[in-house]
Amino acid sequence: MTMSPPGPAPFRPQMTLYREWLQRERGLAFDSYDALWRWSVTDLDAFWQSIWDYFELQSPTPHTAVLARNTMPGAQWFPGAQVNYVQQVFRHVQPAHQAGFAAWISRNEKGQQRELSWPELRRQVAALALHLRAQGVQRGDRVAAYLPNIPEATIAFLATASLGAVWSLCAPDMGTHAVLDRFKQIEPKVLIACDGVSYGGRDHDRLPVVAELRQALPSVQHLVLHGNLDPAASLPGATPWAQALLGDDAATAAFEPEWLPFDHPLWIVYSSGTTGLPKPIVHGHGGTVVVALALKTLHNDIGCSYEANSWGERYHWYSSTGWVMWNAQVSGLLSGTTCVTYDGNPGGSRDKPDWATLWRFAAETGVTFFGAGAAFFANCMKAGVDLPSVGDLSAVRALGTTGSPLSEDVQRWGTGQFRQLRQARAAAAGQPELREAYAPEADIWWCNISGGTDFAGAFIGGNRELPQVPGQMQCRMLGSAVEAWSEQGQPVQGEVGELICSQPIPSMPLFFWGDEGGRRYLSSYFDMYPAGHGRRPGGGDAGPEAGGVWRHGDWLRIGADGACVIYGRSDATINRHGLRMGTSELYSAVEALPEVLDSMVVDLEYLGRDSYMPLFVVLREGLSLDEAMRQRLNDAVKVALSPRFVPDEIFQVAEIPRTLTGKKQELPIKKLLLGQPIEKVINKDAMANAACLDWYVDFAVRRAAAHPA
């Protein structure tokens, strides 16, 4: 039965609804967002309990506390509670279906579109879960997947999580070496993979890669193969995807996700530093659900599709499965929202570039929230995309960006495009006077967010109640005690500093897989400032037993009005349009070539600048960097990592600058190329080969002259 909406959807901001609930149910009133935010990061128990209650989260057993132990790392949240990510999703099956809304709408480059109903989503998840259970999958077992952004990836994730097994996913555009660097660490019991992908107008066969992955992962006892390109694709001993989903009997109908402890592992995602293998980051069911609902609903203003205030919501965020925004897209199901996804190249093919592809998709599917990486919007502007000619985008009421800083120019361009769209609609409706008298508050709302794979959330983002300024993010997230700190550990305002979070958030990692004693976890985020410094809720120091603050690795400026600007990475990690990769992974690929003696890469991601990543290489004596060598280097990166991480330019150098202890000086060279003077970024006395700096200084001068800020 299809229900009709109870009336015109007013789309009042979700933040407004939450504030009104706080006043009605808790007697709490705040005269500004800043006051609300300060309460949320000071009275942590009251705030996170309010999130639990506001979203009516369920548990068969009560929790005995909210934040039982405030230590970083090691915070203990909601002890005694039992949750399951999939239980929260399944709550919406009946009401969303009765209202006539689909769970998932997807399309690929070939124009093949599918719509998955809520009951069918539930059936397929249950069928696959029972199949996995029959293969011996139990709580804590790892299920690894090598799948693109298609419904099968979401079904496989939900089936895995429903059993209490631990999910991990890599995108098929990643090379075999990069995938094995991740999956070998977690020793998966099951591998779910596809035969290939379509991207940029071409089919890419991945069966040889899948066979190689299975061979190199001795822990894998079972392989499920999805024929994404060819439904008849097969490998010896593999179970076809369709066969694993055949279940449609009483057991399938009766299947229920297992109730799990609040901090039971949900998935393993990967974030790379500058050294070593990618970090296998483990997040929990409870923390992920609680934070995802608060972030997506209150700050991203994405509502439930079958609620009157957000009737017909359709949520789209373009993403690869190698990016945490895939996880964010799936989280739409937690609140009963229809998810809309596209699998393919958003810029068309190499032969026929087309940056209007996603916009046409959004117009044809009635997307209401349209999200993508900041680089996507920049490419649309550069390509001269004319949105009024694309199709009917009248349903789009919000634009989301993340991954890298969004420049003021790009945001103004997008706002102008949607202003033209709305003015044209007004004129077509017989209201030509609105073409001139256009109210700025009617402009499209930009939800610019910044967070990370590391905690599967955002620290900074949007709030529809606040004014928006191009190039800025509107506020710090509720519950996120974010500050900009100087090197001395003092909060600064109006200045660029290190982004830190001084209080725990429920979705911070439980641990890194295989990290005995938690040493790598501690060194990744908590060891820059003294333990206890700045750790008291509301401000001030705590004892060293409270642990250190979370240092995220971004440059941040917080304005007097609370608006924020991210200026890129404060460390040497590569961030290519939102996808992070450790420099060590690139070096492993490049330096495996016998011609390469040494190498260094820096990523000059910075607000208002085009992403630029040069690679510097030292070649064996007598060799020169000709076109053939450049191609070999690029191919090595493509095969081992992904085409996304191919450098913008390659330069042959005599030496790579190193410290006396042999470490590559990536961050100082990055700062140098961003315009800082050499004497402020590097201590020559601590260098093993200070004389080589002259070449880099000269290069920085030449680049600055050719590319003025």
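- Residue pairs satisfying the salt bridge (Lys or Arg N to Asp or Glu O under 4.0 Å) criterion with at least one member in residues 286-305, sequence neighbours excluded, are listed as follows: D301-R397, D301-R464.
- A search for ring pair (Phe, Tyr, Trp, His ring centres under 6.0 Å) contacts involving H299 returns nothing, not counting sequence neighbours.
- For the pair K189 (side chain) and G136 (backbone), a donor-acceptor distance under 3.5 Å is present.
- The side-chain hydrogen bond (donor to acceptor under 3.5 Å, both in side chains) test applied to R214 returns no partner, not counting sequence neighbours.
- No side-chain heavy atom of V166 sits less than 4.5 Å from a side-chain heavy atom of D141.
- For W37, the ring pair (Phe, Tyr, Trp, His ring centres under 6.0 Å) criterion is met by no residue, not counting sequence neighbours.
- Under the 4.5 Å side-chain criterion, counting only non-hydrogen atoms from C-beta, N327 is not in contact with H283.
- Between the side chain of T321 and the backbone N or O of L147 there is at least one donor-acceptor pair closer than 3.5 Å.
- Side chain of R314 to backbone of F369: no donor-acceptor contact under 3.5 angstrom is found.
- Shown here are the salt bridge (charged side-chain N to carboxylate O under 4.0 Å, His left out) partners of E258, two or more places apart in sequence or in another chain: R133, R139.
- Aromatic rings of F526 and Y521 (six-membered ring for Trp) have centroids within the 6.0 Å cut-off, being under it.
- In this structure, S480 contributes its side chain and R476 its backbone to no donor-acceptor pair below 3.5 Å.
- Side chain of T42 to backbone of P537: no donor-acceptor contact under 3.5 angstrom is found.
- In this structure, the side chain of E115 does not engage the main chain of I105 through any donor-acceptor pair within 3.5 Å.
- V224 has its side chain out of reach of Q243: every pair of non-hydrogen atoms, C-beta onward, lies at least 4.5 Å apart.
- Shown here are the side chain to side chain contact (heavy atoms under 4.5 Å, CB included) partners of F511, two or more places apart in sequence or in another chain: P265, V282, W513.
- Applying the salt bridge (charged side-chain N to carboxylate O under 4.0 Å, His left out) rule to R38 yields the partners D34; only residues at least two apart in sequence or on another chain are considered.
- Using a distance-only test at 3.5 Å, with no hydrogens or angles considered, a donor-acceptor pair links the side chain of S305 to the main chain of E313.
- Classification of the F370-H316 ring pair by plane angle, with boundaries at 30° and 60°, yields tilted.
- For Y306 and F101, the ring centers sit 6.0 Å or farther from each other.
- Every residue two or more places apart in sequence or in another chain that forms a side-chain hydrogen bond (donor to acceptor under 3.5 Å, both in side chains) with Q113 is listed here: R107.
- No side-chain heavy atom of N149 sits under 4.5 Å from any side-chain heavy atom of Y342.
- For an aromatic pair to be called close, the ring centres must be under 6.0 Å apart, and F157 with Y85 satisfies this.
- D454 and Y525 share a donor-acceptor pair across their side chains, judged by distance under 3.5 Å alone.
- The shortest side-chain heavy-atom distance between W267 and S168 does not fall under the 4.5 Å cut-off.
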Walk me through whether R12 and E20 qualify under salt bridge (charged side-chain N to carboxylate O under 4.0 Å, His left out). CA-CA 12 Å; R12 298 181 67 214; E20 292 173 350; 2.5 Å; yes
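- In this structure, N300 contributes its side chain and I302 its backbone to no donor-acceptor pair below 3.5 Å.
- Crowding of Q23 atom CD: a count of heavy atoms from other residues, nucleotides or ligands under 6.0 Å not exceeding 12.
- Partners of T61 under the side chain to side chain contact (heavy atoms under 4.5 Å, CB included) rule, at least two apart in sequence or in another chain, are S59, Q82.
- A donor-acceptor pair is defined here as one N or O able to donate and one able to accept, closer than 3.5 Å; no such pair exists between the side chain of S507 and the backbone of T288.
- With sequence neighbours left out, T154 forms a side chain to side chain contact (heavy atoms under 4.5 Å, CB included) with W104, L158, W326, V330, L333.
- Contact of the V197 side chain with the I150 side chain is not registered, since no non-hydrogen atoms from C-beta on lie closer than 4.5 Å.
- A salt bridge links E256 with R122: the closest approach of a Lys/Arg side-chain nitrogen to an acidic carboxylate oxygen falls below 4.0 angstrom.
- Using modelled atom types, one side-chain atom of Q329 and one backbone atom of Y315 make a donor-acceptor pair closer than 3.5 Å.
- Checked against side-chain hydrogen bond (donor to acceptor under 3.5 Å, both in side chains), E516 has no partners two or more places apart in sequence or in another chain.
- For residues 54-74, the set of pairs meeting the ring-ring contact (aromatic ring centres under 6.0 Å, His included) definition, not counting sequence neighbours, comprises Y18-Y54, W21-Y54, W52-H63, H63-F78.
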Would R26 and D53 satisfy salt bridge (charged side-chain N to carboxylate O under 4.0 Å, His left out), going step by step from the backbone distance to the final call? CA-CA 11 Å; R26 297 290 195 269; D53 294 339; 2.4 Å; yes
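- In this structure, N70 and P504 have side chains that are in contact, with non-hydrogen atoms separated by less than 4.5 Å.
- Aromatic ring centres of W39 and F30 lie closer together than 6.0 Å.
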